[in-house]
Structures are given as structure tokens and as C-alpha cells.
Amino acid sequence: MNTTIRTRFAPSPTGFLHLGSLRTALYCFLFTRKHNGTFILRIEDTDQERQVPGATEVIYDTLRDCGIHWDEGPDVGGPAAPYIQSERKDSYLPYARQLIETGHAYYCFCTKEDLALRRRQAEAHGETWKYDKHCLRLPNEEIQAKLRAGTPYVIRQNTPVTGESDFDDLVYGHIAAPNETLDDMVLIKADGMPTYNFANVIDDNSMGITHVIRGMEYLSSTPKYNLLYRALGWEIPQYIHLPNVMRDNQHKLSKRDGDAYYSDFIQKGYLTEALINYLALVGWNPGNEREFFTMEELIEAFSVSGLSKSPAIFDLNKLTWFNAEYIRRLPFEDYLSRATPWFDQALLGKGIDYRRLAELMQGRTEVFNRIPDMVRFLGKMPDFDKELYLNKKQKSTQDSLMPSLKLARDILIPLSPWTEDKIHDALMAGIKEAGLKNGTVLWPLRVAISGQASTPGGAIEIAWLLGKDETLLRLNAAIEDLEKQEERKNP
RNA sequence: GCCUCCGUGGUCUAGCGGUUAGGACACCGCCCUCUCAAGGCGGCAACACGGGUUCGAGUCCCGUCGGAGGUACCA
């Protein structure tokens with residue numbers, strides 16, 4: 001490999017960046033960096049009807065966030081500028097004309113409606129629809145007359161009807177398709193814009209792309225692209241087609257799921273690094289059992305041979321596990337600042353010490369958006385089922401309950417200053433003195449002041465976070481509540 | 001329908017003719033422990049099916065079945 005590798009990521013600006021596309025961009029980037037090549041960003045906006053304002057910026061921002069840097073692109077320029085297809089509009093038609101002259105393409109005056117009708121008829125007969133080359137057989141005079149009259153037309157590729165076309169994909173190996181099954185695809189649309197199919201070939205060539213890395217939805221049309229390369233006398237690039245990222249066995253991860261865009265995950269509190277790390281492993285493996293990678297390490301480890309051929313289901317569970325791991329590894333100050341807005345959602349103005357809370361929460365946070373529900377009880381004592389007090393394993397029984405709570409109260413009332421160490425030592429000493437098991441007192445205490453089956457921290461940490469006043473308030477309320485309940489039972 | 005591709009536990013995967021089929025997530029159990037989490041230990045669970053080739057097949061060939069993609073003046 002002595003020629004410099006040039007690759008491109010060529011998204012359409014139709015909205016947010018889909019995770020499947022992100023992964024394609026990632027692999028493309030990794031491959032290119034690994035081989036010291038040039039990574040190009042090209043915006044494919046040939047479909048005027050599907051433009052979404054601001055979508056291009058979303059692509060830039062997402063890629064940058066992820067650490068996927070492009071060497072040439074619309075914003076940074078480069079020797080093959082412009083990098084937006086609509087701005088290259090005029091460069092396609094001459095090639096199409098050249099193809100017409102050499103018999104590899106032809107004008108077609110069939111209307112969309114007419115085509116749709118014929119397609120439906122063919123399908124009604126159970127036949128495969130394929131353009132019948134009707135306009136290829138038009139006499140030259142008629143073509144010229146229609147052209148002069150301004151009749152709308154498209155330009156179609158004239159694919160051979162015999163033989164077969166084949167190529168070698170770096171992932172899928174040898175791919176061959178009978179030419180008779182190849183449709184005469186439209187190259188230039190009636191509005192003068194090239195189709196993706198055509199623009200792609202022209203741009204990839206004029207930008208000197210050596211390796212085309214893209215989703216496998218293009219695998220079956222690649223033979224047609226290659227026919228174009230040959231007709232134009234161009235060198236065919238290497239192909240690396242990537243299997244799809246699936247939601248489940250039969251569905252691609254789709255925009256409808258609400259879980260398909262990069263931004264969806266970031267908003268929920270997934271870390272970019274975790275997402276990238278996970279995504280890299282959906283459809284690729286490093287050849288060993290390593291799972292954690294920084295971007296630099298991914299570049300180092302990346303190899304086409306580790307790419308999988310079969311579609312992979314996106315596993316939210318595993319992503320979440322990665323995310324929790326990444327959160328645990330975050331420097332504490334970083335965690336604190338990221339968690340603060342989520343603490344605020346449940347605890348704003350409640351006077352809780354976020355720093356201590358963050359210490360307790362960092363190891364327990366899987367996704368940031370789960371924080372509010374986990375800490376809300378600190379701001380407001382929730383209602384809870386009294387059954388929660390009873391816990392066999394902790395040796396907290398109906399009989400031990402009231403004495404335990406009162407013991408805790410008696411120990412905590414005189415306590416000063418209110419520090420975790422003090423609370424801990426006093427409680428432990430009192431429990432030992434009473435000859436009880438830790439759980440017998442601590443379990444009901446934690447329940448009484450939190451109302452939760454589980455909390456980020458034990459009774460001691462929770463008591464400290466709540467503060468002495470609030471802790472005793474809640475404890476007293478719990479005791480009174482139980483006493484009332486007793487009275488009702490035995491008046 | 002036709003064309004192309006794919007097929008190892010629930011999920012992501014290792015395997016590239018001889019393995020007790022390995023790892024990770026999830027799940028279950030135990031330990032640790034003032035709950036939960038983390039951690040430690042253990043467990044459940046896979047070569048889609050049928051034919052070949054071979055001394056020997058998850059690995060090679062053929063077929064069946066299953067799935068995906070394509071079949072647009074969308075990309």
C-alpha cells in the first residue's frame with residue numbers, strides 16, 4: 001500500500017446523526033487514522049425535498065464531540081472543494097453526457113407517473129419490475145426534438161443485459177451479480193441534480209477516494225457503480241461495506257425508536273466516550289478480549305479483519321454497563337459538575353450537601369437521568385409500605401422495630417457535632433451495648449428516614465446528609481406513626 | 001417474487017479441520033456488608049437444520065429454513 005489512503009464519510013443532512021451512521025463515521029475515521037490517510041467529510045444533499053435546516057451543523061457538532069476529526073470538509077476546505085454536493089451540481093452533467101456519447105447512458109422521457117403505473121402492472125403479474133430500456137430505443141431525431149421542445153427528462157445508466165458483474169469487498173469478499181438483474185438506474189434527475197448513485201461515483205473519483213466505507217445497503221448496487229467507473233475509465237476504489245446496526249432481530253435501529261440518535265443518548269446522560277467505546281464494539285472486535293478503549297487506542301487496535309459480516313443488535317444493557325464504568329472512572333470533580341443539574345432536578349433548594357452526595361452516588365450512577373429518582377427522598381420523605389421495616393436477613397422484626405427506633409432516637413438526640421464519624425460511633429456503640437445486631441437497628445432507622453428499600457448509602461450516611469433536625473423529624477414522625485398504628489390495633 | 005448478503009448462548013463476540021467451544025453484558029446463587037451498588041466466587045445458557053468431503057467439521061461444499069439489505073427522479 002504505497003498510495004495514500006483517502007476515505008470519506010458522506011452523510012445526508014436529514015436530521016440528527018443516527019447511531020448507525022455514527023458508527024460508520026467512526027470505523028471510517030479509525031481506518032483512515034490507522035493508515036495515516038486523509039479523512040474527508042462530504043455532505044450529500046442532492047435530495048432537495050429532504051433538507052432539514054441546521055442538520056449539517058448537527059453533523060459537525062456530533063462528530064467533533066466524538067473526537068472524529070476530518071481533514072477536508074465543507075468548513076475546513078481542501079483540495080477537492082467544495083464538499084457539499086449541491087455546490088458541485090454543475091460537475092455531474094458533463095460526465096453523464098460523456099456516458100451518453102459512449103453508449104453507457106441515455107435520455108429517458110418517461111414520466112414518474114407512467115413508470116409507477118407500469119411498475120404496478122408488472123408487480124400485479126408477479127414480475128420483477130425493471131426499466132425496460134424503452135427510451136434507449138428512441139430514434140435520435142425524436143430524442144433531439146424532445147430535447148429542443150424542453151420535454152423533461154432524466155438520464156439513465158445503460159446496464160448490460162448479459163454477463164455478470166463482480167467485485168471484492170474487504171469485509172464481504174467476492175460479490176457477483178448477474179447483469180440482467182441490474183436496473184437502469186437514474187443518474188441525473190429531472191431537476192438536473194444527480195442521484196446519490198451517480199454523485200457518489202463522480203465525487204469519490206474526483207476526490208481521490210481510495211477506500212469507500214459505507215453501510216451494506218449499498219452492497220447490491222456496487223456492481224452498477226463499478227460499471228460506471230469502468231465506462232468512465234476510472235480506477236475502482238476498495239470497498240468496505242458494514243453490516244447494519246439493528247434494534248432487534250428484524251428491525252434496523254430506526255429513527256422511530258427515539259433511541260437512535262446520538263443526541264438522544266447524550267440527553268439521557270450517557271457519556272460520549274462510553275457510547276463511542278460501545279459502538280466500536282458493535283460489529284468489530286480487536287482480536288483479543290479487551291473491552292475498554294480510548295479513541296487513540298481504538299485507532300491503534302483497529303483492523304478491517306475484525307469487522308463482522310452479520311448485523312448486530314444494539315444492546316442497551318451493555319451500553320449502560322459501559323456508561324456506568326465510565327462514570328465510575330470520571331475524576332470526582334467532573335462527576336460532581338455533571339451530576340449537579342440532575343441533583344437539582346430533585347433537590348434544588350433542599351440544602352443537601354452535593355459533594356458528599358456525589359461521593360455516594362458516583363459508583364451507583366449508571367445513567368445520569370436515573371439520578372433524580374434515586375435521591376428525591378432526601379428532599380421529601382416519601383410514603384412507604386410499613387412492611388419495609390421488616391427484614392428477616394437484617395433481623396428486623398415486628399417486636400424489635402419500636403425498641404430499635406427509640407434506641408436510635410435516644411442515641412441521636414444528644415449527638416453533637418453531627419458528623420458521620422460521630423453518628424457511626426455512637427450508633428455502633430449503642431447497638432453493641434444493647435446486645436443487638438447492626439441490622440436490627442440500622443435497617444429500620446434507614447427505612448424510617450428514607451422510606452426506601454434501597455438508598456445510595458446506609459443509615460449513617462443518609463442521616464448525615466439529611467442533617468440532625470430533619471433526621472430526628474423523620475424519625476419521630478415514624479415512631480409516632482407506628483404508635484398510632486399500635487393504638488388502632490389494641491385500643 | 002427476483003437479486004445480494006448473513007446465520008456460535010437472550011445480546012455482542014472469540015474460533016479460521018482436532019478446543020472440556022473462550023470472553024463480555026444480562027440473568028441466578030453465595031460471600032462481603034448498616035440497604036443498594038461496587039467487588040470476589042460460582043452457576044444457567046450457543047455452533048439453525050439436513051446431506052456430503054474428511055480418520056476427524058462450529059470451521060470446507062451443497063441444499064433447506066430463518067433473517068437482513070436491495071429492487072425509487074431517497075440517500
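Note: hydrogens, waters and symmetry copies are ignored here, and every other heavy atom, side chains too, is used. Sequence lines set the chain letters: A, B, ... in the order given, protein chains first and strands last, and positions in each chain run from 1.
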Colleague: List the residues meeting ring pair (Phe, Tyr, Trp, His ring centres under 6.0 Å) with Phe322(A), not counting sequence neighbours, and say none if there are none.
Modeller: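 Ring pair (Phe, Tyr, Trp, His ring centres under 6.0 Å) check on Phe322(A) returns Phe292(A).
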Colleague: Output the single nucleotide from A72(B), C3(B), G10(B) whose closest atom is nearest the side chain of Asp315(A).
Modeller: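 In terms of side-chain proximity for Asp315(A), the closest of A72(B), C3(B), G10(B) is G10(B).
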Colleague: Determine, for nucleotides 38-43 of chain B in 5'-to-3' order, which nucleotides have protein heavy atoms under 4.0 Å from the base (write B), from only the sugar-phosphate (write S), or from neither (write -).
Modeller: SS----
Colleague: Evaluate side chain to side chain donor-acceptor pair (under 3.5 Å) for Tyr270(A) paired with Thr320(A), printing each intermediate quantity in order.
Modeller: CA-CA 8 Å; Tyr270(A) 284 88; Thr320(A) 301; 3.0 Å; yes
Colleague: Assess, by modelled atom type and distance only, whether the side chains of Thr62(A) and Tyr261(A) contain a donor and an acceptor separated by less than 3.5 Å.
Modeller: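 No, Tyr261(A) and Thr62(A) have no side-chain donor paired with an acceptor closer than 3.5 Å.
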Colleague: Across all strands, who's sitting opposite C34(B) as a Watson-Crick or G-U wobble pair, both distances under 3.5 Å?
Modeller: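 Partner of C34(B): none found under 3.5 Å.
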Colleague: Which nucleotide wins on minimum distance to the side chain of Thr195(A), given the candidates G69(B), C34(B), C73(B)?
Modeller: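 Taking heavy atoms from C-beta onward, the closest nucleotide is C73(B).
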Colleague: Are His241(A) and Tyr239(A), when compared by the centres of their aromatic rings, separated by less than 6.0 Å?
Modeller: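 Distance test on ring centres: under 6.0 Å, yes.
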Colleague: Centre of Tyr27(A)'s six-membered ring, under 6.0 Å away, within 45 degrees of the axis: is that where NZ or CZ of Arg23(A) sits?
Modeller: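 Geometry flag: not set, cation outside 6.0 Å or 45°.
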Colleague: Nearest whole Å is fine: how far is C27(B) C1' from Asn317(A) CG?
Modeller: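 To the nearest whole Å, that distance equals 10 Å.
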Colleague: Taking the six-membered ring of Phe314(A) as reference, does the NZ or CZ atom of Arg247(A) fall below 6.0 Å from its centre and within a 45° cone about the axis?
Modeller: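 No - Arg247(A) does not lie over the ring of Phe314(A) by the 6.0 Å and 45° rule.
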Colleague: Find out whether Lys468(A) and Leu412(A) are in side-chain contact, i.e. whether some heavy atom of one side chain is under 4.5 Å from a heavy atom of the other.
Modeller: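 The answer is no; the side chains never approach within 4.5 Å.
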Colleague: Check the distance between C36(B)'s P and Met374(A)'s CE and give it to me in whole angstrom.
Modeller: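 For the pair Met374(A) CE and C36(B) P, the rounded distance is 13 Å.
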Colleague: Taking NZ, NE, NH1 and NH2 as the nitrogens, is one of them in Asp410(A) or Lys406(A) under 4.0 Å from a carboxylate oxygen of the other?
Modeller: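 Between Lys406(A) and Asp410(A) there is no salt bridge, as every charged N stays at least 4.0 Å from the carboxylate O atoms.
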Colleague: Of the nucleotides G69(B), U35(B), A72(B), which one has an atom closest to the side chain of Met216(A)?
Modeller: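 Closest nucleotide among those given: G69(B).
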Colleague: On RNA chain B, nearest-nucleotide positions of Arg446(A) versus Leu219(A): which is more 5'?
Modeller: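 With Arg446(A) and Leu219(A) compared, the 5'-side residue is Leu219(A).
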Colleague: Tell me which nucleotide among A75(B), A72(B), G23(B) gets nearest to the side chain of Glu289(A).
Modeller: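 Closest nucleotide to the Glu289(A) side chain: G23(B).
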Colleague: Ignoring backbone atoms, test whether Asn438(A) places a side-chain nitrogen or oxygen under 4.0 Å from the OP1 or OP2 oxygen of C34(B).
Modeller: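 Yes, within the criterion.
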Colleague: List for me each residue that meets salt bridge (charged side-chain N to carboxylate O under 4.0 Å, His left out) alongside Arg474(A), sequence neighbours excluded, and say none if there are none.
Modeller: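 Testing Arg474(A) for salt bridge (charged side-chain N to carboxylate O under 4.0 Å, His left out), a comparison that skips the adjacent residues, returns Glu470(A).
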Colleague: Below 3.5 Å is the cut-off: list the nitrogen or oxygen pairs between protein and nucleotides 61-67 of chain B, distance only.
Modeller:
from   : atom 1 : to        : atom 2 : distance (Å)
G67(B) : O2'    : Asn249(A) : O      : 3.1

Colleague: Show me, pair by pair, the donor-acceptor contacts under 3.5 angstrom made by side chains of residues 425-444 of chain A, not counting sequence neighbours?
Modeller:
from      : atom 1 : to        : atom 2 : distance (Å)
Thr440(A) : OG1    : Lys395(A) : O      : 3.0
Thr440(A) : OG1    : Lys437(A) : O      : 3.4
Trp443(A) : NE1    : Leu388(A) : O      : 2.9
Trp443(A) : NE1    : Tyr389(A) : O      : 3.4

Colleague: CD1 of Ile449(A) versus C1' of U35(B): gap in Å, rounded?
Modeller: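 It works out to 11 Å between those atoms.
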Colleague: Relative to the 5' end of RNA chain B, which residue comes earlier, Glu44(A) or Glu217(A), by the nucleotide with the nearest heavy atom?
Modeller: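 Comparing both residues, the 5'-ward one is Glu217(A).
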Colleague: In terms of side-chain heavy atoms of Pro178(A), which of U4(B), C73(B), A26(B) is nearest?
Modeller: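 Output: U4(B).
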Colleague: Passes salt bridge (Lys or Arg N to Asp or Glu O under 4.0 Å), Arg118(A) versus Asp132(A)? Steps please.
Modeller: CA-CA 10 Å; Arg118(A) 282 196 266 165; Asp132(A) 58 5; 2.9 Å; yes
Colleague: Counting heavy atoms from C-beta on, name the nucleotide in C12(B), U35(B), C73(B) closest to the side chain of Val186(A).
Modeller: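 Taking heavy atoms from C-beta onward, the closest nucleotide is C73(B).
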Colleague: Considering only the P atoms, how many Å lie between G10(B) and C65(B), rounded to the nearest integer?
Modeller: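 About 23 Å, rounded to a whole number of Å.
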Colleague: For A14(B) versus G22(B), give the span between their P atoms, rounded off to a whole number of Å.
Modeller: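 Taking atom P in both A14(B) and G22(B), they lie 15 Å apart.
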Colleague: Could you please name the option among C12(B), C36(B), C34(B) that lies closest to any side-chain atom of Glu461(A)?
Modeller: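 Shortest atom-to-atom distance from the side chain points to C34(B).
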Colleague: Please tell me which of the listed nucleotides, C34(B), C73(B), C5(B), lies nearest to the side chain of Tyr172(A)?
Modeller: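 Selected nucleotide: C5(B).
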Colleague: Return the residues of residues 386-410 of chain A meeting this criterion: a heavy atom under 4.0 Å from some atom of RNA chain B. Order them by number, or give none.
Modeller: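 Nucleic-acid contacts, sorted: Lys393(A), Gln394(A).
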Colleague: Determine the Euclidean distance between corresponding P atoms of C61(B) and C5(B); express it in Å to zero decimal places.
Modeller: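 Result for the P pair: 13 Å, nearest Å.
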Colleague: side-chain hydrogen bond (donor to acceptor under 3.5 Å, both in side chains) with Lys133(A): which residues, sequence neighbours excluded?
Modeller: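 With sequence neighbours excluded, Lys133(A) shows a side-chain hydrogen bond (donor to acceptor under 3.5 Å, both in side chains) to Asn158(A), Asp184(A), given in chain and number order.
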Colleague: Which of residues 376-384 of chain A have a heavy atom under 4.0 Å from RNA chain B?
Modeller: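 None - not one residue of the stretch has a heavy atom sitting under 4.0 Å from the strand.
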Colleague: Quick one: does Tyr107(A)'s side chain get under 4.5 Å of Leu147(A)'s, heavy atoms only?
Modeller: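 Touching, per the 4.5 Å side-chain cut-off.
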Colleague: Determine the interatomic distance between P on C28(B) and the same-named atom on C36(B); round to the nearest Å.
Modeller: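 About 13 Å, rounded to a whole number of Å.
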Colleague: If you go through the side-chain atoms of Arg364(A), does one of them form a donor-acceptor pair with the base of U35(B) closer than 3.5 Å?
Modeller: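 Such a pair is found, so the answer is yes.
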Colleague: Output the distance between atom OG (Ser221(A)) and atom CG (Leu227(A)), rounded to the nearest 0.5 Å.
Modeller: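 Reported to 0.5 Å precision, the distance equals 12.0 Å.
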Colleague: Any luck finding a side-chain donor-acceptor pair between Thr455(A) and Arg364(A) under 3.5 Å?
Modeller: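 Per modelled atom types, Thr455(A) and Arg364(A) side chains form no pair under 3.5 Å.
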Colleague: What's the closest nucleotide to the Met428(A) side chain, out of U4(B), C34(B), C73(B)?
Modeller: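 That would be C34(B).
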Colleague: Taking atom C1' in both C2(B) and G9(B), what distance in whole Å separates the two?
Modeller: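 Rounded to whole Å, the distance is 35 Å.
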Colleague: Test of understanding: with salt bridge (charged side-chain N to carboxylate O under 4.0 Å, His left out), list the residues that count as partners of Arg97(A), not counting sequence neighbours.
Modeller: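 Testing Arg97(A) for salt bridge (charged side-chain N to carboxylate O under 4.0 Å, His left out), a comparison that skips the adjacent residues, returns none.
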Colleague: With a cut-off of less than 4.0 Å, is there a side-chain N or O of Asn285(A) near OP1 or OP2 of A14(B)?
Modeller: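 Answer is yes, contact under 4.0 Å.
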Colleague: Could you list the residues that satisfy salt bridge (charged side-chain N to carboxylate O under 4.0 Å, His left out) with Glu289(A), not counting sequence neighbours?
Modeller: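 Per chain and number, Glu289(A) pairs via salt bridge (charged side-chain N to carboxylate O under 4.0 Å, His left out) with no residue.
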Colleague: When the ring centroid of Tyr326(A) is compared with that of Tyr278(A), is the distance short of 6.0 Å?
Modeller: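 Centroid separation for Tyr326(A) and Tyr278(A): 6.0 Å or greater.
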Colleague: Ignoring backbone atoms, test whether Ser12(A) places a side-chain nitrogen or oxygen under 4.0 Å from the OP1 or OP2 oxygen of C74(B).
Modeller: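 False: Ser12(A) side-chain N/O out of range (4.0 Å or more) of C74(B) OP1/OP2.
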Colleague: Determine the contact category for Ala459(A): base if any of its heavy atoms lies under 4.0 Å from a base atom, sugar-phosphate if only primed atoms, P, OP1 or OP2 are that close, otherwise nothing.
Modeller: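 Result for Ala459(A) = base.
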Colleague: Give me the distance, rounded to whole Å, that separates C16(B) from G58(B) when you measure between the C1' atoms they each carry.
Modeller: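 Those two atoms are separated by 11 Å.
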Colleague: Going by salt bridge (Lys or Arg N to Asp or Glu O under 4.0 Å), name the pairs with one or both residues in residues 368-390 of chain A, residues two or more places apart or in two chains.
Modeller: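 The answer is Glu366(A)-Arg370(A), Asp373(A)-Arg376(A), Lys386(A)-Asp481(A).
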Colleague: Scan every strand shown for a Watson-Crick or G-U wobble partner of C41(B), both distances under 3.5 Å, and answer none if you come up empty.
Modeller: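 Across any shown strand, C41(B) pairs with G29(B).
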Colleague: If you take any heavy atom closer than 4.0 Å to RNA chain B, which residues from residues 302-310 of chain A end up in contact?
Modeller: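 Going residue by residue through residues 302-310 of chain A, the ones with a heavy atom under 4.0 Å of RNA chain B turn out to be Ser308(A), Lys309(A), Ser310(A).
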Colleague: With a cut-off of less than 4.0 Å, is there a side-chain N or O of Lys189(A) near OP1 or OP2 of C74(B)?
Modeller: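 Lys189(A) to C74(B) OP1/OP2: side-chain N or O found under 4.0 Å.
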